Amino acid sequence: MAAGREVRAGAVSRRRSDTRFAWSAMAPAWVFLVALIGYPLVLVVLDAFSHVNLIKPTVGGFAGLDNFAQVVSDPHFPAAVGHTLVWTVGSVVGEYAVGLGSALLLNRPVRGRGAFRALTFIPWLVPIIVAGMTWSWMLNPDFGIVNSLLVKGGLVDRPINFLGDATWAMPTVIFVNVWRSFPFYTISFLAALQAVPEELYEAAQIDGASPWRRFRYVTFPDLRSVSLIIVFIHVIWTSVNFDFIWVMTQGGPNYATITLPILIYRYAMQQFDVGMASALSTLMLIGTSLVFVVYYRYRRKLSEEIVG
Amino acid sequence: MKKFLRVVAGLAATSLLVAGCSSSTGAAKQTKTLELWTAWTEGADTANASTTMIKKFEQDTGYTVNQTNFTYDMLHEKLIASAAGKNLPDVVWGLPEYVGEFAKMGILADLTSAWSSWSDASKVSDSVKQAMSFDGKVVGFPYETTVRAYLVHDNLLSKAGVTAPTTWDGVVAMGSKVQDATGVSAYGVAGTGVRSPQELMVYLAQEGLAVADKTGNGYKNTWKDDPAKLKKAAEVFQFYVDALKSGAVSSNSPTYGWEQTDENFATGLTATYVTGNWLAERETTNKDTMSDISVHPIPYPSDGHPATYLESKPMFVMATSKNLDGATKLSEAFASTEWQKAAFPDRSALKDVSTDSKWSKDFHALMDTGVTFPPVTLSGVTQGMIDALARVLQQHETPEATAGWLSDQINASLEKSGDLATS
Amino acid sequence: MKIRTYRRVTHAVIYVLLAILVVYCLFPFAWMVISSLKPIDEIRMRVPTFTIHRPTLDNFVNVLVEHNFTTYIRNSLVVSLAACALSLAISLLSGYVFSRFYRRRAVKYTNFFMLVSQMIPGVLLLVPLYITMRKLGILESKISLILAYTTFVIPLCTFMLSSAYDSIPASLEEAAVLDGCGRLETLRRVILPIMVPSIVSVGLYAFINAWNEFMFGYVFISQDANRTITPAIMLFKGANSINWGGLMAASVIAVLPVALIFLFLQRYFMSGLMSGAVKG
């Protein structure tokens, strides 16, 4: 009897010290986030429901749902929502495919693998603004090298106005985004692939499994956890991303690439209506929460399988 | 592994230490320091000459000038953040577009009395003074003033057997003659970006139309109040459509911004273009294509009058400056004859400052016909103008509908920014 | 016989795919390097070419000497290294909690908060963060940038590291606990050595994020002496003209050191360091 109570007491005190450990381990992260993000976050939500205008400092007060109504009735709002979806899904799918493919390639024992890896990494190193400006220059219909090569190589008759044509603009911007972002996927997958022991591969190969089956049953399971995180965080980053499209098209041509973050920027910096900008941002925040719910369900499932 | 962790920890500690020690935080400000934010091109003549003049200013007045360089976009966002954080500099290079918005934010100092006692005030035209006034108060000194002119590649036009047009009809009549003879387009047009509203405003002004008129206690776009005005506005858009259809203007123009139109002209891909005298530097970078330039007034409609865009950049003094006297002196110094001659010889508002090159005096000659944007918050207005051009050139709406739409858009924007006349 | 041909073909296919990958990645960068070596009268030609008539290092010299870039590089290095180290330290701890304690409600809320923090657009962070830094009195210093950059990357670093912790079975820790190690010691001695590839990739991510950051770099810093490298690159885009030579040279200078760091670090990605560690 006493021994049982001892064991239970030991278990309880371990759980308490576990909790203490968990709290103190998370504390530094909390301090940073609350101190620096807490205030902006609260401000955004508050401003969404208030009249805030930088060039009308006397205007103020509670606005109820006015800002939201104005945002949703903006003639460009439906297009922005659609474009944001296309932009996000297109980019993430492209990045995932290229990132996973390149990670698998770069994991193979080939000569000069280190150099290949370093070279693949470079798109990610180029600052977004510079990448945007350089690609815009290269894709220019009059003096861009891409069109020059395409025409010389006989692939097209006339130069394509990649960023100035309403049908080409969004695919082009997605293409450049994939180019710039996929190395992050590559690195994360490479790191995760290291955890798969060589022996498992060889065993599967000896057993006569095809490359596809080897991938599906040996390699992929260990990548699930990483995949989940990268995909969901990139869904959020891509949907909030402003710089890339702004540098290359400013939301044009004629609103063909306008996304919600660009609308937010215009409300804040062109109309100086911080209330509307905050309202739209709050709407996007609600969208994240939905994404989060989906992500967390998957995460729990995975954690249960692995950690138990 | 332990070593690796130790190294990381050591790096972190060292970096923080270095960061803390070597950063120059906002220590106690000397009472005679002026913070100056500029937006010049580094390494160019203006930058070098200004730096010399600033040193002279320091010696003459005993103030220390802390100058840092940015781009105009950076300046815009920094000013907004600094205004909110109550940490503004003393003197800032501004753009005419900023006058309305920053004045409304209440951060610009009133320089009216300084202007009236300014010795060079008589050398500056009224429109320049208007460009940097708000609500009857002067809020800036003109440090850089340019106008636009019609630049022509003489060789390309002569190859096509065409003379430089002086009217809109002349532009449209060029048709595809230049394209057929030389393979390049005849007339450049910026269809989007910051340049396009400036071009559009000139064409409107040539028809006697203003983007917004001062009425009562504010501003209003009055095209729809007068059918004759609306008709003229529609003619302006019709000019764009005709020029495009006739083949005189490149079919990609609706999506060209200034980077492209300027580049096209400098590399000889466009035979003629309305632009500014900053293209002078392209004579050195593109010797083969820029050797045949002549300067002309901008083509105007036969039933209208000449006009050009007057861009007069104001030197702002921040209202929160602790050294208003010194800041005002510095701002005035930039606009003074000596300084303008040294750093802005071909871009000055002063009537007697100009060089002999065609890039200076031929442009300067057009200054009297210069028009400027009204002193209101502009971003919604210019966005409306860009959208209107997109509607007529990319969505193929009729010029009449577009003119009416733009009028509504301008008034909606004026209302949102509190500039609309209510009486 | 068949196996050998199969292997050879596979090898060849892999090399071809790698070559395509490299071209895809490097093409714009190659264009940047070539443009940076062109003299001023060749860089803005109507017909773009990959060939240079008179290659020159003028742009590089100009950027490094006249434009003060050595100062900017130094500032960026300090800021990025500090942000990297600080965020690693914080995320190694919080990631562990996320992995092992995922069932706790507090973890779920922290998870949510971290994701939400990534959703605030930069333009709405601008003014509140500026005011916060001013109130803390660290505006205009590198510390403001370090703290801001660290905060931006903590969420992702935490998530990534938590997934790395996930792949390490609890049995390993239990064995160490049985040996008498406390949690922290277990972490340090047993788990972290296995996670080196993930730590390197997460650290790299934090470093690059700080290195490439643009907006807060120019909003928080108003003195040239404290400026970081990416805002400085944008100065080459003037009001009416773009100094492409300087811009390209400056960008190449910004990219190369980090690429070299990566080349040096990428061997930590090699298996061999890893196999056998997780078994048993």
Side-chain angles (χ1 to χ4, degrees), chain A residues 28 40 43 47 51-59 70 74-76 129 132-133 136-137 139-144 147 158-169 243 246-258 262-263 265-277, chain B residues 71 73 76-77 79-81 83-84 97-98 100-107 184-185 191-194 196 250-257 259-261 263-264 266-270 376-384 386-395 409 412-413 416-419:
Chain A
L43 196 64
D47 281 349
H51 288 296
V52 183
N53 195 310
L54 291 177
I55 50 172
K56 291 184 185 171
T58 50
V59 155
Q70 273 189 296
D74 187 322
H76 301 296
I129 311 266
M133 288 175 68
S136 300
W137 188 15
L139 293 168
N140 189 294
D142 293 310
F143 20 76
N147 273 305
R158 311 183 49 211
I160 305 174
N161 196 354
F162 286 102
L163 293 170
D165 183 306
T167 37
W168 276 98
D243 292 312
W246 184 257
V247 169
M248 296 183 79
T249 61
Q250 289 91 52
N254 196 22
Y255 297 97
T257 54
I258 192 145
I262 295 187
L263 271 186
Y265 183 83
R266 281 162 53 134
Y267 291 149
M269 287 296 179
Q270 281 185 2
Q271 298 181 29
F272 298 103
D273 191 336
V274 178
M276 272 176 80
Chain B
T71 64
D73 290 331
H76 192 237
E77 294 188 2
L79 283 172
I80 293 178
E97 292 90 314
Y98 300 164
E101 17 184 278
F102 288 146
K104 285 230 195 68
M105 280 190 221
I107 59 177
V184 306
S185 57
T192 187
V194 291
S196 56
S250 156
S251 54
N252 281 331
S253 299
T255 54
Y256 278 162
E259 295 95 334
Q260 254 155 311
T261 46
E263 194 69 26
N264 283 355
T267 52
L269 275 172
T270 308
V376 297
T377 305
L378 278 178
S379 25
V381 171
T382 47
Q383 185 66 53
I386 297 174
D387 290 346
L389 279 176
R391 288 172 93 95
V392 77
L393 294 178
Q394 296 182 48
Q395 284 171 231
Q409 280 296 112
S413 169
K416 201 159 165 71
S417 63
D419 293 300

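Nothing here was measured: the structure is a model prediction, and the numbers come from that model. Residue numbers begin at 1 in each chain, while the letters A, B, ... track the order of the sequences.
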Structural part of [X] lying under 4.5 Å from a heavy atom of chain A:
X      : result
B/S250 : neither
B/Q383 : side chain
B/F102 : neither

Examine whether an atom of A/D273 lies under 4.5 Å from a heavy atom of chain B, and if so say whether it belongs to the side chain, the backbone or both; otherwise answer neither. side chain
So which atom in B/T255 and which in A/G164 form the shortest heavy-atom distance, rounded to 0.1 Å? CG2-O, 3.1 Å
How far apart are the closest heavy atoms of B/A390 and A/N254, and which atoms are they? CB-OD1, 3.3 Å
Can you tell which of B/L389, B/N264, B/T192 has the highest number of heavy-atom pairs within less than 4.5 Å of chain A? B/N264
Pick from B/Q395, B/H76, B/R391, B/E101 with the largest number of heavy-atom pairs that fall under 4.5 Å of chain A: B/E101
How long is the straight-line distance from [atom2] of [Y] back to [atom1] of [X], given to the nearest 0.5 Å?
X      : Y      : atom1 : atom2 : answer
B/I386 : A/Q250 : CD1   : CD    : 9.0 Å
A/W137 : B/E259 : CH2   : CD    : 13.0 Å
A/D142 : B/L269 : CG    : CG    : 5.5 Å

pair A/F272-B/S379: side-chain heavy atoms closer than 4.5 Å: yes
Mind checking whether B/Q260 and A/S136 have side chains closer than 4.5 Å, heavy atoms only? no
From CA spacing to verdict: side chain to side chain contact (heavy atoms under 4.5 Å, CB included), A/M269, B/I80: CA-CA 9 Å; A/M269 287 296 179; B/I80 293 178; 3.6 Å; yes
Backbone N/O of B/K416 and side chain of A/K56: donor-acceptor pair under 3.5 Å: yes
In terms of heavy-atom pairs under 4.5 Å with chain B, which of A/I55, A/V59, A/L54 leads? A/I55
